[in-house]
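Please read these numbers as outputs of a predicted model, since none were measured by experiment. We're numbering straight along the sequence, starting at 1.
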Amino acid sequence: MTTLTTRNTIMRLAVASACSWIAISAQAQQTAEPAPAPAAAQDAAAPAVAQDAAPEVAPTTNVVTVSGSRIAARGFSAPTPTTSLGSEDLAKSAQPNLFNTIAELPALQGSTGRTTSTNSTSSGIQGLSSLSLRGLGPIRTLTLLDGQRVVGANVTGVTDVSQFPQLLVKRVDVVTGGASASYGSDAIGGVVNFVTDKKFEGFKANVEGGMTKYHDDKNGTLQAAWGKSFMDDRLHVTASGEYGREKGIDAPGFGEVGPNGRTWYKNTAYQVRPIAQTNDGKPQYTVIDHAQQFQYAKYGLITNGPLQGTAFGVGGVPYQFNYGSNGKPTGTGSVTGCVNPFCVGGDLSGSVGAGTNLAMDLTRQVGYTRVGFDLNPDHEIYMTANFGKVKSEFTPNPGAAKNANLTIQCDNAFLPPSIVAACAANKITSFQYGTANAEFPRNINVHPTREMQRLVLGADGKFQLGGKEWSYDTYAEYGQNKTDIIVHDITLNSRYNAAIDAIRGPNGNIICRNPVAAASGCVPLNIIGNVAIDPAAFAYIAPLNGPQQHTKQTQQVASFNINGEAFESWAGPIAIATGAEYRREHYSVTGDPYGNGVSASSPNTTEYPADPLLNTAVGNNWYAGNYHSGSGTYDVKEAYLELNVPVLKSATWGEANLNVAGRETVYSTSGNAKTWKLGGTWKTGVDGLRLRAVTSHDVRAPNLSELYAAPVVVNNVANFNGAAVSFQQRTVGNTNLRPEDARNTVVGIVLTQPSWAPGFSASVDYFDIKVNGVISALSAQQEIDLCSAGNQEICGAMSLNNANAANNFVTVQAFNLASLRNKGVDLEASYRMNLKDYSLPGRLTFRALATRTLSFLTDPGVVGTIPSEAAGNNLGGTPKWKGLATQSWDTDKYSLTLSERWISKGVYSNEFIECQTNCPVSTITHATIFNNQMKGAFYVDLGGSMKIADKTTAYFKIDNIGNRDPVAAPQTNLSFAINPTLYDVLGRVYRAGVRYNF
């Protein structure tokens with residue numbers, strides 16, 4: 001049977017079996033406007049080790065649902081690999097946020113947390129704890145709570161794990177394979193499902209505190225949960241509350257100074273020669289330490305002309321700047337011995353690279369309750385309510401560095417007389433100037449707050465049909481996330497430019513030269529040297545009310561699922577799971593009038609008064625953080641069918657089953673999408689050996705951000721038909737986007753407790769993920785080039801041949817152009833032994849997980865580019881090897897756990913050509929570099945616990961015992977030069993706490 005025939009057959013079965021549920025979802029749309037979510041995983045016991053290789057899997061007479069499938073059936077083993085972390089594993093990790101524990105798993109690559117995006121004002125993901133499988137990004141990883149979708153904490157639809165009720169989580173399932181047929185969109189990389197303890201009885205609490213070796217990032221966590229049954233166990237109530245604060249690591253500010261005594265910061269950066277000069281046999285790229293950006297100094301530097309090299313110090317006194325590399329200013333903006341924009345060494349006091357928080361200050365407040373009532377022994381109705389508020393605070397950069405892009409007039413009232421005289425002597429009226437603005441009283445600071453409210457009403461139970469027992473679950477969910485991003489102490493560009501252009505007025509006082517600015521409240525600002533800033537001047541350029549973005553995102557879901565064993569075959573029961581879902585996603589965002597431009601949604605107010613200097617049409621007036629208003633809505637209707645068909649049951653050959661699934665999805669924006677899965681497992685006749693394989697067609701639908709991006713309009717210039725052409729650049733969403741289309745294949749071997757090695761389990765899985773039609777944003781020039789190459793879809797997004805150039809435009813938006821392919825191997829092993837057999841106390845558990853990424857190719861689909869290989873590119877999130885190993889000793893009173901985290905060495909880029917001499921001429925796609933080697937990392941963690949009373953346990957954890965410094969990750973601009981998505985950047989961390997269970 002061909003793949004096409006198989007797919008069509010599966011889809012016909014899905015549609016035929018689920019058509020009755022379509023009517024239900026349509027009715028749900030008319031009433032509560034809900035949305036789809038997977039069935040909640042059953043609460044059957046799960047092992048605290050890999051679910052696929054676990055020695056304690058429930059007996060085959062029990063019915064178990066795992067997150068890799070919708071099927072709940074006796075003895076069912078899903079073909080999709082699933083790794084589980086039980087509550088014991090989570091407790092031993094002793095992290096203040098479960099996100100940190102999950103992100104350490106080798107299959108989780110590219111996850112974002114509070115140490116990422118700390119240098120960003122406008123990304124929208126600051127402080128967002130989101131999980132990414134296979135390096136495919138959080139948008140291609142579906143994160144669930146009890147098998148149900150959770151409203152996104154960002155316009156991309158990505159959830160924030162920090163908003164989940166973490167103390168009640170008893171298991172986290174990580175499904176490392178395509179799961180769209182079972183769960184719908186976004187599950188290309190897989191699924192991470194947080195499973196809570198719905199029948200928790202008693203009271204438990206956790207108090208924890210910690211800090212780093214450097215006495216920073218001090219943190220505290222307080223968690224409590226309670227559960228009790230009433231009315232003869234028919235009514236069950238659970239509730240939990242959590243508060244956590246991680247105070248972060250503040251930026252040291254200016255200069256080559258590491259945060260709080262960290263000595264690894266060396267101003268590492270790329271020094272990049274012009275490509276036209278690479279015909280001399282020398283490499284284009286060199287990684288340098290002590291990089292000095294010679295286009296500015298801490299308190300100001302003249303960067304061009306006869307006065308180039310004059311810097312300003314205390315009180316505005318001029319002095320000769322100390323360039324690195326023994327450089328001398330040329331008077332043309334260049335410096336001898338240096339490669340624009342860097343020298344090496346010299347005066348580094350104005351460097352802004354360390355002006356970013358190493359970790360954000362983050363506060364979590366989470367409340368959760370579940371109330372379940374048994375109508376009878378077979379049917380339960382329930383309600384869950386979840387409140388989660390996550391606040392973060394950080395500094396993206398100090399001051400507001402101006403890289404030689406200022407023009408100072410020689411009659412500026414703040415210039416010292418010697419410079420005025422030098423201007424006259426050299427017959428110049430102005431000069432180019434750069435400054436780090438280190439005299440500003442406060443650094444830019446960003447305050448994102450995400451507040452989630454989520455309510456679920458549902459029912460589950462079982463019933464008899466055709467002499468068989470069936471189970472069902474249904475729920476309706478409403479969730480909303482309100483995100484507020486507030487920025488303080490940031491400048492308005494036009495006000496800054498007007499304030500620094502100061503002259504003497506008729507009566508000798510200093511005024512702003514621009515009469516319009518002066519009439520609208522301009523206060524002169526002195527940026528010549530280390531001088532005290534006039535508070536009124538700073539209040540003028542950096543008003544109290546800075547950039548603001550207010551986003552409301554809502555999700556509505558209705559879902560009905562049913563499964564059971566329909567009938568018996570000669571090899572065992574044939575199990576069916578089917579259901580239908582409806583989901584509606586909406587967002588609206590409002591920016592302030594200075595960033596967005598003045599509009600009905602963002603009018604001028606007393607907080608943002610009208611100012612003739614500001615651009616009211618398109619906004620973009622802030623130094624950074626220009627947020628724009630927008631909104632959008634889409635809905636989804638889905639129906640699915642999944643079958644488990646036993647095909648073999650033999651004492652000699654073992655047991656085998658086929659697992660097939662199909663899903664029909666209708667998006668209001670992009671139309672129909674069909675997904676399917678075909679897999680099987682074979683428990684061979686060989687002791688403990690099982691084989692599995694699964695292939696699936698998966699999708700990721702375009703999210704709200706891609707469909708309805710907030711519009712931004714600016715003027716631009718690009719090359720068209722060999723000539724420069726001016727046009728209006730309109731950045732918008734693209735409602736014509738199609739879902740990304742993926743093919744995911746996994747083939748594996750599982751060994752579970754063979755008689756010759758009791759307690760030992762292992763698995764090896766090969767995966768191959770292909771994603772076509774990847775949604776990616778292009779620049780205006782890239783769109784023009786693609787149109788010239790014949791792409792008619794993109795030609796429809798522009799008009800550049802108009803007689804009146806004012807009518808030219810290019811619509812910059814996302815398109816389905818790129819493709820991805822990720823291939824690799826997952827390895828997992830565990831071994832448990834009872835030391836009582838050796839007359840010793842306790843139990844030993846060994847566990848190891850590793851992922852080997854063989855290849856991760858990305859083809860941008862853009863003219864002039866080539867596919868890039870990300871595997872082993874350690875500047876990204878996908879090393880060739882990522883491993884995690886633990887060794888635990890446990891008794892009834894004590895436990896001790898040693899953990900090792902490993903990242904293999906890699907390169908800065910697989911497209912670089914490494915050479916020192918006789919280098920080929922560098923090209924855009926294959927640049928040459930002196931050294932392309934990036935070190936790996938090996939971290940050792942230690943934790944332990946002791947039962948100090950009948951219900952009380954004290955514990956400790958030390959992460960990164962060796963205080964391993966982060967590996968340098970150079971960029972073309974100054975930064976901390978680290979990669980927090982891959983490496984530990986905090987150093988040694990100490991934590992200790994007490995758990996109470998009653």
Side-chain angles (χ1 to χ4, degrees), residues 252-257 265-269 271 273 286 288-355 398-440 496 500-502 525-533 973-974:
F254 299 90
E256 191 176 272
V257 181
Y265 179 60
K266 299 179 181 178
N267 262 34
T268 304
Q271 192 173 58
R273 300 195 302 148
T286 304
I288 59 173
D289 290 334
H290 318 300
Q292 177 198 62
Q293 195 151 11
F294 61 73
Q295 295 176 333
Y296 62 84
K298 187 173 186 179
Y299 298 109
L301 174 69
I302 299 177
T303 59
N304 207 338
L307 305 184
Q308 182 185 356
T310 302
F312 298 88
V314 176
V317 176
Y319 67 93
Q320 190 61 37
F321 185 66
N322 178 20
Y323 289 100
S325 305
N326 296 314
K328 303 296 180 183
T330 64
T332 62
S334 299
V335 179
T336 62
C338 304
V339 178
N340 190 20
F342 294 129
C343 299
V344 177
D347 183 353
L348 299 174
S349 63
S351 171
V352 299
K402 305 292 184 178
N403 297 333
N405 58 355
L406 300 177
T407 298
I408 302 296
Q409 302 296 325
C410 287
D411 63 349
N412 189 293
F414 293 118
L415 285 175
S418 60
I419 298 299
V420 175
C423 283
N426 287 279
K427 298 180 180 180
I428 59 174
T429 59
S430 65
F431 50 80
Q432 197 174 23
Y433 191 75
T435 176
N437 282 312
E439 68 277 5
F440 281 5
Y496 176 91
I500 66 173
D501 189 14
L525 174 69
N526 186 0
I527 60 168
I528 310 299
N530 183 6
V531 294
I533 288 288
N973 61 317
L974 288 182

Exceeds 12 heavy-atom contacts within 6.0 angstrom, atom CG of N426: yes
Donor-acceptor contact below 3.5 Å, side chain Y433 vs main chain I527: yes
Sidechain-backbone polar pair: N267 side chain, H290 backbone, donor-acceptor under 3.5 Å: no
Q292 side chain vs G324 backbone, donor-acceptor pair below 3.5 Å: yes
K328 backbone acceptor or donor facing T336 side chain under 3.5 Å: yes
Any donor-acceptor N/O pair, Q432 side chain to A404 backbone, under 3.5 Å: yes
No-hydrogen, no-angle side-chain donor-acceptor test under 3.5 Å, Q293 and N973: no
Heavy-atom donor-acceptor pair, E439 side chain to I533 backbone, under 3.5 Å: no
Any donor-acceptor pair under 3.5 Å from Q295 side chain to T303 backbone: no
With I500, the side-chain contact (heavy atoms from CB on, under 4.5 Å) member among N526, T407, L406: L406
Student check: side-chain heavy atoms of P416 and F312 closer than 4.5 Å: yes
Sidechain-backbone polar pair: Q271 side chain, C338 backbone, donor-acceptor under 3.5 Å: no
